[in-house]
Amino acid sequence: MPPFPDDLTESFQPVTGTAVTLRPLRPEDRDIELAFVTGLSPDTRSNRLLGGTRAITREYIESLVTVDYSRDMALAATAMLDGETLIGVARYVLDKNNESAEFAIVVADAWQGRGIGSHLLRKLIDVARRRGLKRLYGDVLGTNRPMLEFVRKLGFTLERHEDPTLTRATLQLGG
């Protein structure tokens, strides 16, 4: 297993007053990941899975918290509520070309609109740049207007996708 990127941990205080910590997702986060995923509303889950559904099995949760940090990245946003609570995750998975990565982000419904997603995605972009990636891209449901506006404000370009229900968001990182 590659070294765990402990140097990526940081804390901030959103408008709500509850301190939020951004850190890499760890295998021992399986319980808070399960609570997070099962707590997402049907709309949020549908947006994250591009309209699809997925059974939330032990294997699925295990796949989410087992990250090869030599290639990929998964950042967790946590808050101390009744113990550590997962409130958002942003991740990227490196393409075979080792120059681009597909990103995904989801924030718990109760925490949306509070800057958590902005902090997560900006940190993910920063990590991708420092690791020499040339671009990040992700597919967004065309009906997910808040997400499309969110990534556009962060500098992503929006393009038609071969699937007419999706929009491709791309950010050139340089390199």
Practice item. State the CD-NZ distance between Glu149 and Lys153, to the nearest 0.5 angstrom. Key: 5.0 Å

Check your understanding: Considering residues at least two apart in sequence or located in another chain, which fulfil the side chain to side chain contact (heavy atoms under 4.5 Å, CB included) criterion with Arg122?
Key -> Ser118, Leu154

Review point. Does some side-chain heavy atom of Val151 sit less than 4.5 Å from a side-chain heavy atom of Ile105?
Key: no

**Study point:** Linked, directly or transitively: Tyr137 and Val127 (ILVMFWY side chains, under 4.5 Å)
**Key:** no

Check your understanding: With no hydrogens and no angle check, is any side-chain donor or acceptor of Arg45 less than 3.5 Å from a backbone partner on Gly39?
Key -> no

Practice item. Can you sort out the partners of Leu148 under side chain to side chain contact (heavy atoms under 4.5 Å, CB included), two or more places apart, ordered by chain and number? Key: Val140, Arg145, Leu158, Thr167

**Study point:** Heavy-atom closest pair, residues Ala108 and Leu40
**Key:** CA-CD2, 4.0 Å

Practice item. Could you grab the distance from atom CG of Asn98 to atom CZ of Arg131, nearest 0.5 Å is fine? Key: 12.0 Å

Study note, to complete from the structure: Output for pair (Thr66 OG1, Asp72 CG), nearest 0.5 Å, gives 11.5 Å

Review point. Quick one: does Thr170's side chain have a donor or acceptor within less than 3.5 Å of a partner on Thr157's backbone?
Key: no

**Study point:** Flag side-chain contact, heavy atom, 4.5 Å: Phe36 against Ile61
**Key:** no

Check your understanding: Heavy atoms, side chains only, cut-off 4.5 Å: are Thr18 and Trp111 in contact?
Key -> yes

**Study point:** Spatial distance of atom NE2 (His119) from atom CZ (Arg114) [nearest 0.5 Å]
**Key:** 14.5 Å

Practice item. Can you measure from OG1 (Thr143) to CG (Leu166) and round to the nearest 0.5 angstrom? Key: 9.0 Å

Review point. Looking at Leu124 and Leu75, what are the two nearest heavy atoms and their distance?
Key: N-CD1, 3.7 Å

Practice item. Write down the atom of Glu102, the atom of Gly138, and the distance for their closest heavy-atom approach. Key: CG-CA, 4.4 Å

Practice item. Determine the minimum heavy-atom distance between Leu25 and Ala76, stating which atoms define it. Key: CD1-CB, 3.8 Å

Review point. Is the number of heavy atoms from other residues, nucleotides or ligands under 6.0 Å of Arg160 CZ greater than 12?
Key: no

Point to revise | Residues forming a side chain to side chain donor-acceptor pair (under 3.5 Å) with Asp109, sequence neighbours excluded | key: Ser41, Thr44

Check your understanding: Who are the ring-ring contact (aromatic ring centres under 6.0 Å, His included) partners of Phe103, not counting sequence neighbours?
Key -> Phe156

Study note, to complete from the structure: In short, Leu94 meets Arg71 closest at the heavy-atom pair O-NH2, 3.2 Å

**Study point:** Joint cluster assignment, Tyr60 & Leu86, ILVMFWY side-chain distance < 4.5 Å
**Key:** yes

Exercise for review: Please report the closest heavy-atom contact between Ala77 and Val20, naming both atoms and the distance.
Suggested key: CB-CG1, 4.1 Å

Point to revise | Approximate separation, where rounding is to 0.5 Å, of Glu159 CD and Arg168 CZ | key: 8.0 Å

Review point. Can we say Arg30 and Glu33 salt-bridge, meaning some charged N sits less than 4.0 Å from an Asp/Glu carboxylate O?
Key: no

Review point. Considering residues at least two apart in sequence or located in another chain, which fulfil the side chain to side chain contact (heavy atoms under 4.5 Å, CB included) criterion with Ala128?
Key: Tyr92, Leu133, Leu136, Leu173

Practice item. Scan residues 77-99 for pairs that pass salt bridge (Lys or Arg N to Asp or Glu O under 4.0 Å), counting only residues two or more places apart or in two chains. Key: Arg23-Glu84, Glu99-Lys134

